[in-house]
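Because only heavy atoms are used, hydrogens play no part in the values below, and waters and symmetry mates are left out as well, while side chains stay in. When a ligand or atom number is given, it counts from 1 through the structure's own listing order.
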Amino acid sequence: MIDLPDDSIAFRSADASDGTGIAALHTASWRHAYRGILPDSYLDGAIAAERLELWKKRLSPSGRNRRLILLAEASRGLAGFVCLLLDEEPEWGACLDNLHVRPDIHGRGLGRRLFAEAARWLRSMEPGWPLHLWVFEANQAARGFYDRFKGDVVARQIKRMPGGVDIASLRYVWRDVEMLANRLTGRPAA
Ligand SMILES: CC(C)(COP(=O)(O)OP(=O)(O)OC[C@H]1O[C@@H](n2cnc3c(N)ncnc32)[C@H](O)[C@@H]1OP(=O)(O)O)[C@@H](O)C(=O)NCCC(=O)NCCS
């Protein structure tokens with residue numbers, strides 16, 4: 001598949017007016033990626049209102065923690081977003097809490113670019129920090145993406161998820177974010 005042309009995507013930080021758009025993409029992405037993992041009753045029901053509440057809260061003035069919420073916009077609107085939190089389990093470094101690309105443009109290089117922007121931002125904010133995330137064990141597609149960039153799986157935990165189900169998640173860690181950034185941008189590792 002051909003990557004999206006670089007100049008077809010613009011990146012910008014989210015502001016308070018972006019909650020509805022981010023929640024809509026987040027909902028569509030979960031419906032696509034988590035079908036068969038989270039209950040249909042949740043994916044077809046409460047998820048939309050729940051995601052909207054989450055993003056309104058996160059983008060409100062009181063929700064401003066140390067974090068990056070970066071949007072990727074195409075001519076047809078929001079194409080993806082990434083959210084990186086600095087103070088969520090900081091003993092593991094920064095937490096990549098969300099990385100979502102619009103389902104109809106998966107596999108065209110945007111996930112890599114968003115991940116690269118997040119790694120670049122982390123290096124500017126907290127040089128030397130590692131990066132970690134949790135991914136559902138059953139989310140084979142996302143795990144394929146994270147494996148491609150050589151994340152280490154360091155833990156497995158059963159967690160109670162939205163929708164009321166207990167699901168196994170894996171913690172991925174990149175201890176050397178400079179090396180990760182090089183991999184993401186295609187530069188040879190130092
Ligand atoms: C995971 C996700 C962000 C990846 O973004 P994407 O734009 O589809 O991925 P890219 O096109 O940037 O892929 C980058 C590289 O990863 C590889 N890759 C992507 N998906 C893969 C998969 N399922 N298996 C193996 N490799 C994969 C690509 O082949 C590409 O490798 P290359 O550089 O050698 O060509 C996207 O598919 C997504 O939004 N998924 C649903 C939401 C989700 O599960 N998010 C993660 C929650 S923890």
Side-chain angles (χ1 to χ4, degrees), residues 1-6 8-11 21-38 42-43 47-48 50-51 54-55 58 67-74 76-85 88-89 92-120 122 130-159 161-163 165 167-174 179-189:
M1 207 175 289
I2 299 169
D3 278 5
L4 297 166
D6 281 1
S8 67
I9 300 288
F11 294 97
I22 299 174
L25 175 47
H26 203 176
T27 299
S29 183
W30 277 34
R31 283 180 173 152
H32 178 85
Y34 297 165
R35 189 68 66 183
I37 299 178
L38 295 178
Y42 170 70
L43 291 175
I47 181 177
E50 223 178 49
R51 295 299 95 187
L54 170 88
W55 285 103
R58 264 197 182 165
R67 50 115 203 257
L68 170 74
I69 301 173
L70 189 72
L71 310 185
E73 291 180 312
R76 285 175 51 210
L78 190 58
F81 69 96
V82 63
C83 173
L84 190 68
L85 307 173
E88 184 83 17
E89 298 186 277
W92 289 97
C95 175
L96 190 89
D97 196 42
N98 313 103
L99 174 58
H100 292 274
V101 170
R102 213 175 63 209
D104 62 305
I105 50 171
H106 282 181
R108 300 193 60 191
L110 185 53
R112 172 200 277 268
R113 288 175 69 189
L114 281 163
F115 201 9
E117 291 292 330
R120 197 163 63 87
L122 173 58
L131 184 152
H132 75 107
L133 60 84
W134 288 100
V135 60
F136 290 151
E137 188 173 44
N139 187 354
Q140 295 292 349
R143 288 177 55 196
F145 173 81
Y146 297 132
D147 290 339
R148 161 75 181 83
F149 298 109
K150 302 196 187 310
D152 290 327
V153 177
V154 296
R156 178 180 188 272
Q157 231 177 61
I158 307 292
K159 296 179 169 205
M161 294 312 299
V165 286
I167 294 186
S169 293
L170 303 177
R171 192 200 293 274
Y172 274 70
V173 176
W174 288 263
M179 195 179 284
L180 168 64
N182 287 340
R183 277 192 197 115
L184 287 163
T185 53
R187 281 195 293 269

Parallel, tilted or perpendicular, as decided by the 30° and 60° cut-offs, for the rings of His32 and His106:
perpendicular

Please tabulate, line by line, the atom pairs linking an N/O of ligand 1 to a protein N/O at a distance below 3.5 Å, with the distance in Å to 0.1, or answer 'none'.
| unit_1 | atom_1 | unit_2 | atom_2 | d |
| --- | --- | --- | --- | --- |
| ligand 1 | 7 (O) | Gly111 | N | 2.8 |
| ligand 1 | 8 (O) | Gly107 | N | 2.8 |
| ligand 1 | 11 (O) | Arg108 | N | 3.2 |
| ligand 1 | 11 (O) | Gly109 | N | 2.7 |
| ligand 1 | 12 (O) | Gly111 | N | 3.3 |
| ligand 1 | 12 (O) | Arg112 | N | 2.8 |
| ligand 1 | 23 (N) | Ala141 | O | 3.1 |
| ligand 1 | 31 (O) | Arg148 | NE | 3.3 |
| ligand 1 | 33 (O) | Arg112 | NH2 | 2.4 |
| ligand 1 | 33 (O) | Arg148 | NH2 | 3.3 |
| ligand 1 | 34 (O) | Arg148 | NE | 2.7 |
| ligand 1 | 34 (O) | Arg148 | NH2 | 3.2 |
| ligand 1 | 39 (O) | Val101 | N | 2.8 |
| ligand 1 | 39 (O) | His106 | NE2 | 3.3 |
| ligand 1 | 44 (O) | Asn139 | ND2 | 2.9 |
| ligand 1 | 45 (N) | Leu99 | O | 2.8 |

Asp6 and Arg113 ion-paired at < 4.0 Å:
yes

List the residues meeting side chain to side chain donor-acceptor pair (under 3.5 Å) with Glu88, not counting sequence neighbours, and say none if there are none.
none

Can the positive tip of Lys150 be found less than 6.0 Å from the middle of the six-membered ring of Trp174, inside 45° of the ring normal?
no

Charged N-O contact under 4.0 Å between Arg171 and Asp152
no

Hey, what's the ring geometry for Trp30 with His26, parallel, tilted or perpendicular (30° and 60° as the breaks)?
perpendicular

